[in-house]
Amino acid sequence: MRLVVQVKLLPTPEQAAALEGTVRAANAAADLVSRIAFRQRCFRAYDLRRHTYQQIKADFGLAAQAAQHVIKKVCDAYRTLHASLAAGRLGKPGSARRVKAAGKPISFRPLAAQPYDDRCLSWDHDRRTVSIWTVAGRMKDLAFTGSLEQLTLLAAHRRGESDLVCRDGMWFLHATVEVPDVPTAAPEGFLGVDLGIANIATTSDGVRHSGKALAAVRHRNRELRRRLQAKNTKSAKRLLKRRRRKEARFAANLNHVIAKQLVTEAERTGRGIALEDLQGIRERVRLRMPQRVRLHSWSFHQLGAFIGYKAARAGVAVIYVDPAHTSQQCSRCGQVDKHNRPDQETFACTSCGFAEHADVNAARNIAARGEAGWAVSHAA
Ligand SMILES: [Zn+2]
């Protein structure tokens with residue numbers, strides 16, 4: 001399994017200036033390569049290298065490897081664009097959006113990410129430093145930090161390229177790690193997980209992961225947005241952008257923590273994890289809260305993805321079940337009735353009298369469907 005690990009760099013002011021100079025030079029070079037590629041309709045790395053390699057080395061002070069990576073970055077960007085055009089993702093031929101995307105050279109943000117390979121970036125995991133090529137020469141002793149989990153993964157399994165990324169004035173390396181596949185253990189039952197808004201995740205064991213803290217952050221940011229949007233100044237826009245990213249990081253971190261707890265619990269008890277099919281979750285939420293669907297469906301998707309890869313790493317089976325009526329069905333007698341759900345929090349069966357927190361009842365249905373689904377698919 002291939003994962004991306006992020007570490008934060010801790011550069012001194014001089015080191016930060018050298019990193020910025022390097023990324024700016026690389027992206028200015030990428031813009032030039034892109035213009036040449038576009039003008040000459042030449043998008044293959046090999047051909048483009050012949051046309052541009054010597055020039056960008058000389059004009060932008062790039063080392064051989066850095067120049068190669070710039071050319072490759074441009075080729076990759078055009079390959080992605082051409083694939084999108086071919087798949088019709090940018091509209092029909094002649095549409096304004098398509099003409100805008102295909103009618104001019106691709107341009108690169110001044111601080112767009114720059115790839116590095118092992119020849120221009122080396123890691124010292126014990127000292128937590130990297131040595132990295134810059135336009136100001138090789139920079140040694142650049143300190144980095146990250147979560148213990150990420151640093152452990154990095155030290156054991158890093159392979160291939162890393163991207164140097166600048167975000168909100170902070171510097172990061174995104175490194176690729178190759179984790180060996182763990183065989184999936186045959187599950188003894190399933191931990192059902194209901195994903196929601198008030199409770200981000202509720203398990204069939206009755207554990208609820210509240211979304212209150214996240215809702216509070218989102219509420220504060222919405223208020224701030226209302227006030228700042230009235231101003232509409234450049235600094236207000238910058239602040240809003242930073243706040244949005246901070247909110248996204250908060251949500252991602254919360255999703256990581258929840259996913260880890262769910263997978264650890266399933267692993268400890270020898271069970272698999274049953275989740276509602278993500279497409280289904282989107283449908284269900286859209287019916288309930290049309291205005292918030294985009295934000296939340298994105299967050300659900302992320303949590304589902306985190307659970308998926310953490311489970312795969314732990315050898316925990318994951319099964320996706322049909323989400324229809326999981327919140328209206330009684331997990332004891334199986335009766336489906338919308339009157340079983342008198343309010344958002346309560347489930348009370350009109351047939352057998354069973355009562356439970358609504359999300360816990362839904363999670364139990366999901367667990368049962370997971371078990372049934374697994375039995376069917378593994379009957380042979
Ligand atoms: Zn019942």
Side-chain angles (χ1 to χ4, degrees), residues 185-212 214-215 255 258-259 261-290 292-293 296-297 299-301 303-304 307-308 311 316-380:
E188 305 227 3
F190 279 83
L191 179 66
V193 180
D194 178 68
L195 304 184
I197 291 167
N199 292 305
I200 296 176
T202 303
T203 74
S204 48
D205 294 348
V207 177
R208 298 201 295 271
H209 298 271
S210 166
K212 259 188 205 152
L214 184 58
N255 278 342
I258 293 172
Q261 286 176 4
L262 295 173
V263 170
T264 304
E265 185 57 16
E267 190 184 13
R268 191 182 68 77
T269 53
R271 287 178 291 178
I273 292 177
L275 291 168
E276 289 176 297
D277 187 70
L278 282 171
Q279 189 62 45
I281 288 164
R282 275 208 292 278
E283 295 306 320
R284 198 188 68 184
V285 173
R286 184 171 298 136
L287 294 175
R288 230 188 273 155
M289 311 205 138
R292 294 195 204 163
V293 70
H296 288 288
S297 73
S299 191
F300 283 140
H301 214 93
L303 179 56
I307 293 171
V316 169
V318 175
I319 191 165
Y320 297 92
V321 305
D322 178 4
H325 309 304
T326 48
S327 59
Q328 296 172 16
Q329 185 176 27
C330 173
S331 62
R332 184 155 83 191
C333 75
Q335 191 229 32
V336 177
D337 184 349
K338 66 173 186 291
H339 297 110
N340 286 346
R341 187 82 183 272
D343 61 60
Q344 186 66 28
E345 292 214 336
T346 317
F347 182 90
C349 181
T350 55
S351 175
C352 75
F354 174 73
E356 180 53 279
H357 189 284
D359 294 343
V360 176
N361 178 68
R364 286 194 188 167
N365 286 328
I366 293 164
R369 287 179 197 193
E371 204 144 342
W374 186 269
V376 169
S377 59
H378 290 74

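Excluded from the calculations below are hydrogen atoms, water molecules and symmetry mates; all remaining heavy atoms, backbone and side chain alike, are included. Since the model is a prediction, treat every value here as computed from it, not as a measurement. We count ligands from 1, going down the list as the structure has it; atoms in each ligand are counted the same way. Residue numbers count from 1 along this sequence.
- Applying the side-chain contact (heavy atoms from CB on, under 4.5 Å) test to Ala259 and every residue at least two apart in sequence or in another chain returns Leu303, Phe306, Ile307, Lys310.
- Note on the Zn ion (ligand 1): protein N, O or S atoms under 2.8 Å away count 4, no waters included.
- Looking at heavy atoms from C-beta onward, Ser327 lies in side-chain contact with Arg341 at the 4.5 angstrom threshold.
- Here the CZ atom belonging to Phe347 is positioned 10.5 Å from the CZ atom belonging to Arg364, to the nearest 0.5 angstrom.
- A donor and an acceptor atom, one from each side chain of Asn365 and Ser331, are nowhere located under 3.5 Å apart.
- A 4.5 Å side-chain heavy-atom check between Asn340 and Gln328 finds every atom pair outside the cut-off.
- Across Glu276 and Leu195, no two heavy atoms sit closer than the pair OE1-N, 4.3 Å.
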